[in-house]
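Taking it in order: structure first as structure tokens, then the write-up.
Atom set for the values below is all heavy atoms of this structure, side chains included, hydrogens, waters and symmetry mates excluded. Residue numbers start from 1 in every chain, and the chains themselves are labelled A, B, ... in the order their sequence lines are given, proteins ahead of strands.
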Number of protein chains: 2
Amino acid sequence: MSRMGQLAGPSMQKCSSTARQSEAGRRAQRCRECTVRQNALFVGLSPSELDEIAPAVPDLVVPAGETLYDAETHADALFIVRRGVVKLVNYLPDGSYRIVRLARRTDVLALETLLGEPCDHTAEALTEVEVCRVPISVVRTVMERQAWLSTRMIHHWHLAVQKAHGWLTHYATGGARQRMARLLADLHDECASAESPRPAVELPSRDDVGAILGITKETASRLISDFRRSGLVNKVDARRVEVDRMRLEEIAGSDG
Amino acid sequence: MSRMGQLAGPSMQKCSSTARQSEAGRRAQRCRECTVRQNALFVGLSPSELDEIAPAVPDLVVPAGETLYDAETHADALFIVRRGVVKLVNYLPDGSYRIVRLARRTDVLALETLLGEPCDHTAEALTEVEVCRVPISVVRTVMERQAWLSTRMIHHWHLAVQKAHGWLTHYATGGARQRMARLLADLHDECASAESPRPAVELPSRDDVGAILGITKETASRLISDFRRSGLVNKVDARRVEVDRMRLEEIAGSDG
DNA sequence: CGCCACATTGATTTGGGTCAAGCGACGTGG
DNA sequence: CCACGTCGCTTGACCCAAATCAATGTGGCG
């Protein structure tokens, strides 16, 4: 299978340009209203400071399947995820791949660019994704003037480490059945916090489920079918399922 | 199996106290001569600044098997590894455990204490280990006066993430044989840089090898025996082996 | 319609887990 | 000093979970 999309760029569109207001003005407003801000980088900025940097921070809509950034090409910006799911992928020499993390709303990606180091992974949109692209120059500027940003940044590093370790113990430990149950339960949790109605989990492709759990697409498919027969999950449409959180948890935690 | 040693403390001894010089003086000299310094936190400090903080930074010798810090008890200090190997362990609800990282010379541990967050793992000495215990108060003090320390710290976070992702793709992906080959090759590399003579790799216990690779101790044992029969490794004493780096690499990278 | 990508299901093989026995090194106590 | 128990390693026999190989199904789209 080929490496699919190249570096993001031409294929990304600007977000809903009403063309009436100036681009800068639009961005300023978008930043002021941003619902992600308190969780992400720029919590401490005053409205006027926000307006100052906003013009340099475009938001992009990335269609599913596109590459945000690449392991080789080192980006010159951070990405803050506002909507959708991004997979961080590690391609192995033999062409197979392993997903090392899923990122969603409020997650900050490509942190390593701040150190001038290349990312050790590739970031691809799993669903349609909306991200803010924050040039490192902007980050550096703010960081010089606002000491708290360093702490904020470190917090995101911390999250990255924590999730990486969790990923290992959750999705690379125990039997396949167990791991699958954990994945579904986790996906449920992340979904549930976002949307209030009865949470229907959006599943990645079987290949991707396999790359998350370190199993083949066939086993992934079989397990999900099996879960469906056991009533653990309930298919609502092609890619969405309702899950029985409680019973999944039992399987996830079972010692056998 | 019981959780073994409690939090470090009584069982650790101060390093070689010649009792002639004052403790503070000893530590100051130790810091000035430190061979780890350029790689770790305090690169940028002048000798006099170093002397200032040195008294607050004890170095400890931790015997193999002891616990440096615990997942629950959140430490109030960072640890810089000067000698030996530390395993970072994640204990699972069913009593089994998984090793999520090995730390050695120049690695900085318990970074999360700087954020006031508990560590998500337990750190145990795999061999006898020598560490510097840097109280967070010291780190904070230096950080206020020296801006570069933040960058330095972030660098170590970066290492932590990088190693975590590498761990996943190296030791939790592919067949057991392949993973074992990768582990031995990696251990070889780390060994080789430290000691110049023909590098003999020091292996962890079979249980620990299992906890690293996500396999049972029996499979670990079988694989190593098998490697020995194939001449891939050569037992020199109870726990040390010479390895055939090249042939291991082949196995590690093979698609099958 | 017919193509293509993806999902499902089956048949078969195999890698690795499990259970169990034997073995050498070490420390402790008689 | 040797007997004994313990602990970690090795090896074998057996079995099951998951990989592999392969066929069929299904939905979307030009």
Next on the checklist: Measuring centre to centre across the rings, with the benzene-like ring taken for any Trp, is His121(A) within less than 6.0 Å of Tyr69(A)?
Outcome noted: yes
Checklist entry - Should Val201(B) and Glu242(B) count as side-chain neighbours, where that means a heavy-atom distance under 4.5 Å? => result no
Protein-nucleotides 27-29 of chain D N/O pairs closer than 3.5 Å?
none

Next on the checklist: Base, sugar-phosphate or nothing for Ile215(A)? Non-hydrogen atoms, less than 4.0 Å.
Outcome noted: sugar-phosphate
Checklist entry - Within this structure, what is the CG-to-P distance between Asp208(B) and dG8(D), rounded to whole angstrom? => result 10 Å
Item to check | Criterion side chain to side chain contact (heavy atoms under 4.5 Å, CB included) on Leu102(B) and Trp167(B), from CA distance to verdict | outcome: CA-CA 10 Å; Leu102(B) 292 181; Trp167(B) 198 267; 3.8 Å; yes
Checklist entry - So, does Thr219(A) use its side chain to make a donor-acceptor pair with the main chain of Ile215(A) at under 3.5 Å? => result no
Item to check | Distance, rounded to the nearest Å, where Gln178(A) contributes CD and dC16(D) contributes C1' | outcome: 15 Å
Checklist entry - To the nearest 10 degrees, how far apart in direction are the end axes of the helix from dC1(C)-dG30(D) to dG30(C)-dC1(D), each fit to five base pairs? => result 20°
Next on the checklist: Tell me whether Arg206(A) contacts the main-chain N or O of Arg222(A) through its side chain, where contact means a donor paired with an acceptor under 3.5 Å.
Outcome noted: no
Checklist entry - Where the side chain of His170(B) meets the backbone of Gly166(B), is there a donor-acceptor pair that is under 3.5 Å apart? => result yes
Next on the checklist: Just so I know, are the side chains of Val62(B) and Glu124(B) near enough to count as touching, which here means a heavy-atom distance under 4.5 Å?
Outcome noted: no
Kindly give the atom pairs (protein nitrogen or oxygen, nucleotide nitrogen or oxygen) under 3.5 Å for nucleotides 5-7 of chain C.
| unit_1 | atom_1 | unit_2 | atom_2 | d |
| --- | --- | --- | --- | --- |
| dA7(C) | OP1 | Arg206(A) | N | 3.4 |
| dA7(C) | OP1 | Arg239(A) | NH2 | 3.3 |
| dA7(C) | OP2 | Arg206(A) | N | 3.3 |

Next on the checklist: Tell me whether Ser96(A) contacts the main-chain N or O of Leu92(A) through its side chain, where contact means a donor paired with an acceptor under 3.5 Å.
Outcome noted: no
Next on the checklist: From C-beta outward on Thr216(A), which listed nucleotide comes closest to its side chain: dA19(D), dT9(C), dG17(C)?
Outcome noted: dA19(D)
Checklist entry - Are side-chain heavy atoms of Val86(A) and Leu68(A) found at a separation under 4.5 Å? => result yes
Show each protein N/O and nucleotides 12-15 of chain D N/O combination with a separation under 3.5 Å, one pair to a line.
| unit_1 | atom_1 | unit_2 | atom_2 | d |
| --- | --- | --- | --- | --- |
| dG12(D) | N7 | Arg222(B) | NH1 | 2.8 |
| dG12(D) | O6 | Arg222(B) | NH2 | 3.2 |

Checklist entry - Whole Å only: how far is the CG atom of Leu223(B) from the C1' atom of dT10(D)? => result 13 Å
Item to check | Arg177(A) CZ to dA18(D) P, straight-line distance once rounded to whole Å | outcome: 9 Å
Checklist entry - Counting N and O atoms only, with roles assigned by atom type, does the side chain of Arg83(A) sit under 3.5 Å from a partner on the main chain of Val131(A), one being a donor and the other an acceptor? => result no
Checklist entry - Asp186(B) and Tyr171(B): side-chain donor and acceptor closer than 3.5 Å? => result yes
Item to check | Verdict with reasoning, Asp244(B) to His188(B), per side chain to side chain contact (heavy atoms under 4.5 Å, CB included) | outcome: CA-CA 9 Å; Asp244(B) 185 335; His188(B) 167 93; over 6 Å; no
Item to check | Side chain proximity check, Tyr97(A) to Asn90(A), heavy atoms < 4.5 angstrom | outcome: no
Checklist entry - Tell me: CZ of Phe227(B) to P of dC9(D), nearest whole Å? => result 17 Å
Between protein and nucleic acid, restricted to nucleotides 21-25 of chain C and to nitrogen or oxygen atoms under 3.5 Å apart, what atom pairs and distances do you find?
none

Checklist entry - Do Phe227(A) and Leu248(A) come close enough that some side-chain heavy atom pair is under 4.5 Å? => result yes
All N/O donor-acceptor pairs, side-chain side in residues 230-241 of chain A, below 3.5 Å, sequence neighbours left out:
| unit_1 | atom_1 | unit_2 | atom_2 | d |
| --- | --- | --- | --- | --- |
| Ser230(A) | OG | Asp226(A) | O | 2.8 |
| Asp237(A) | OD1 | Arg239(A) | N | 2.9 |
| Asp237(A) | OD1 | Arg240(A) | N | 2.9 |
| Arg240(A) | NH2 | Ala200(A) | O | 3.0 |

Item to check | side-chain hydrogen bond (donor to acceptor under 3.5 Å, both in side chains) between Arg98(B) and Thr173(A), intermediate numbers included | outcome: CA-CA 8 Å; Arg98(B) 184 96 200 224; Thr173(A) 305; 3.1 Å; yes
Item to check | Interatomic distance where CG belongs to Leu213(B) and P belongs to dG15(C) [whole Å] | outcome: 17 Å
